[in-house]
2 protein chains.
Amino acid sequence: MVVDTAKSRHDEQVTQRLGYELPMLLLAAFRSVVDELHAELALSGHEQARPIDGFALQAVGPAGVTISELGRRLGVSKQAAAKTARRLEDIGYATRSPHPADGRAQVLTRTSRGEEMLALSAEIFDRLHRRWAGQIGPDRLDALETDLEAVTRSTSTTWIGDLPGWLH
Amino acid sequence: MVVDTAKSRHDEQVTQRLGYELPMLLLAAFRSVVDELHAELALSGHEQARPIDGFALQAVGPAGVTISELGRRLGVSKQAAAKTARRLEDIGYATRSPHPADGRAQVLTRTSRGEEMLALSAEIFDRLHRRWAGQIGPDRLDALETDLEAVTRSTSTTWIGDLPGWLH
DNA sequence: CTATCTAGACAACCAAGTTGTCTAATTTCT
DNA sequence: AGAAATTAGACAACTTGGTTGTCTAGATAG
């Protein structure tokens, strides 16, 4: 690892960009994707959908999940998971039913409206993805994704369930 | 559903990546940068620093700022800005002093510890940036940044003061 | 010189998380 | 089989970072 700060800054050949711009670019790009997703979702009748909802519904999975397990999957406390579950119920994306085998537990399941939202999201993401490919070129987009994955994987313990804390 | 890692490791331009992976990659990359920043900051005696603090201090600027103006710069209400200001004071990154010309107003100014934190952050970001360059190549990193900027700029009204809502 | 506008404080509230305590149901262990 | 330990989920109180709404005091425009 090369960390000769004074020297390597001087004859570093390519990048004029300062280090702090990178996180800004990443966040802005993320925001732009998510904002567009929700703008489109709103146009298709899912005005109440928020970024966490899609993520949570994904964690619910096609087979449904108990509250506690949802908490584990999302990396939050079961109390927080219970609130999320209630929210998903309130906006009609999930329902609760008693667990067939465990008398303490309840199963949270996606409703068809929840499934619809997920399907729509997938479509919109694909469309955005194609638009990016059109703007910067499919090869560049591929490189971008490959590189992001490589760099992220190498450094981070980033357990994906850790993400929701960053969504609102 | 799961990424075909074996195939995408090869540099071929065959992207079967689904659209929804892109935002995940962006968020994971952002998180990895920010998490590492704060891990390093903590090692240098800034364990209380949180992502918003650096952003807010940046908005304070070298000349200082009033609470209301801080709110405007960050894109939040002045009440929220007042809370942020109090937090910055509490952890020793800023101080409040009466405004010389306006009897109603107060000026929030960075302390030397605040300046130190910013300087440290810049260093750490630069180091991370160089590490990325080492991992994926400076040309690829340059392309990545250029592309992110291009795609983001084209779509978004992304007023930068809008960002803090996404930081915790 | 009044009328309006603005800075910032205070309060009540919201949203999404946290911990801590509790009951009831299920497991596990002897 | 029965006691002990674990687990599911509810309820409550608190934290953080935001929001409105109301207020006073100082600045500014007519």
Side-chain angles (χ1 to χ4, degrees), chain A residues 27 31 34 38 48-57 59-60 64-91 93-109 159 161-168, chain B residues 31 34 38 47-57 59-60 64-91 93-109 159 161-168:
Chain A
L27 182 54
R31 280 222 29 190
V34 170
H38 283 88
Q48 322 143 306
R50 320 251 262 88
I52 329 186
D53 298 334
F55 199 84
L57 271 189
V60 168
V65 73
T66 65
I67 307 290
S68 294
E69 175 59 21
L70 179 64
R72 267 173 245 124
R73 290 189 192 170
L74 292 175
V76 301
S77 64
K78 55 185 185 177
Q79 292 86 336
K83 286 193 189 178
T84 301
R86 194 164 337 131
R87 167 153 221 281
L88 290 178
E89 283 187 284
D90 287 347
I91 59 186
Y93 286 159
T95 37
R96 218 179 279 229
S97 46
H99 192 287
D102 190 333
R104 301 164 299 176
Q106 296 176 11
V107 183
L108 192 71
T109 322
W159 151 229
D162 222 19
L163 296 182
W166 293 86
L167 302 170
H168 278 201
Chain B
R31 278 222 31 190
V34 171
H38 283 87
E47 30 302 266
Q48 322 142 307
R50 319 253 261 90
I52 329 185
D53 299 333
F55 199 83
L57 271 188
V60 167
V65 74
T66 66
I67 305 291
S68 294
E69 174 60 20
L70 180 64
R72 266 174 245 123
R73 290 189 191 170
L74 293 176
V76 302
S77 63
K78 54 184 183 176
Q79 292 87 336
K83 287 194 189 179
T84 302
R86 191 160 344 128
R87 167 152 223 281
L88 289 178
E89 283 187 284
D90 286 349
I91 60 184
Y93 287 159
T95 36
R96 220 180 277 230
S97 47
H99 192 287
D102 190 331
R104 302 163 297 177
Q106 298 175 8
V107 184
L108 192 70
T109 321
W159 150 232
D162 221 21
L163 294 182
W166 293 87
L167 302 169
H168 278 200

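With a 4.5 Å cut-off on side-chain heavy atoms, A:Arg96 and A:Arg86 count as touching.
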Please encode protein proximity along nucleotides 25-30 of chain D as a string of B, S and -, counting only heavy-atom distances under 4.0 Å.
BBS---
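Here the straight-line distance linking atom CZ of A:Arg87 with atom CZ of A:Arg50 works out to 5.0 Å at 0.5 Å rounding. Within the model, atoms OG1 of B:Thr84 and CG of B:Leu108 stand 9.5 Å from one another, a figure rounded to the nearest 0.5 Å.
Rounded to whole Å, the distance from CD1 on B:Ile91 to P on D:dT16 is 12 Å. One atom, NE2 of B:His99, and another, P of C:dA7, lie 10 Å apart when rounded to the nearest Å. As a whole-Å value, the separation of B:Gln48 CD from D:dT15 P is 17 Å. Atom NZ in A:Lys78 sits roughly 13 Å away from atom P in D:dT6 (whole-Å rounding). Note: CG (A:Asp90) to C1' (C:dA16) measures 14 Å, nearest angstrom. Atom CG of B:Leu88 and atom P of D:dG17 are 10 Å apart (whole Å).
For A:Ser68 and D:dT7, the shortest distance from a side-chain N or O to OP1 or OP2 is not below 4.0 Å. Taking only side-chain nitrogens and oxygens, B:Thr84 comes nearer than 4.0 Å to OP1 or OP2 of D:dG18. The phosphate of C:dA7 has neither OP1 nor OP2 within less than 4.0 Å of any side-chain N or O from B:Thr66.
Pairing each heavy atom of A:Asp53 with each of A:Gln48, the nearest pair is OD2-O, 3.8 Å. Of all non-hydrogen atoms in B:Ala81 and B:Val76, the two that sit nearest each other are N-CG2, 4.0 Å. When all heavy atoms of B:Ile67 and B:Ala85 are compared, the closest pair comes out as CD1-CB, 3.6 Å. Residues A:Lys78 and A:Ser68 share a closest heavy-atom pair of CD-OG, 3.8 Å. Residue A:Val34 comes nearest to A:Pro51 through the heavy atom pair CG1-CG, 3.8 Å, listed as atom of the first residue, atom of the second, then distance.
Of the candidate nucleotides D:dG18, C:dT18, D:dA8, D:dA8 has the atom lying nearest to any side-chain atom of A:Arg72. Considering only the side chain of B:Val76, D:dG18 comes nearest among D:dA10, D:dG18, D:dG17. Nearest nucleotide to the B:Arg96 side chain, out of D:dT19, C:dA9, D:dG9: C:dA9. The A:Arg50 side chain lies nearest to C:dA15 when the options are D:dT20, C:dA15, D:dA10.
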List the steps, then state whether side-chain contact (heavy atoms from CB on, under 4.5 Å) holds for B:Thr109 with B:Val60.
CA-CA 7 Å; B:Thr109 321; B:Val60 167; 5.7 Å; no
Check the pair A:Glu69 / A:Arg73 against side-chain contact (heavy atoms from CB on, under 4.5 Å), numbers first and verdict last.
CA-CA 6 Å; A:Glu69 175 59 21; A:Arg73 290 189 192 170; 3.2 Å; yes
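Residue B:Ala80 is in base contact, counting any heavy-atom pair closer than 4.0 Å across all strands shown.
Ranked by how close their nearest DNA chain C nucleotide is to the 5' end, A:Arg87 and B:Ala82 are led by B:Ala82.
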Report, one pair per line, the protein and nucleotides 11-13 of chain D atoms (nitrogen or oxygen only) whose separation is under 3.5 Å.
none

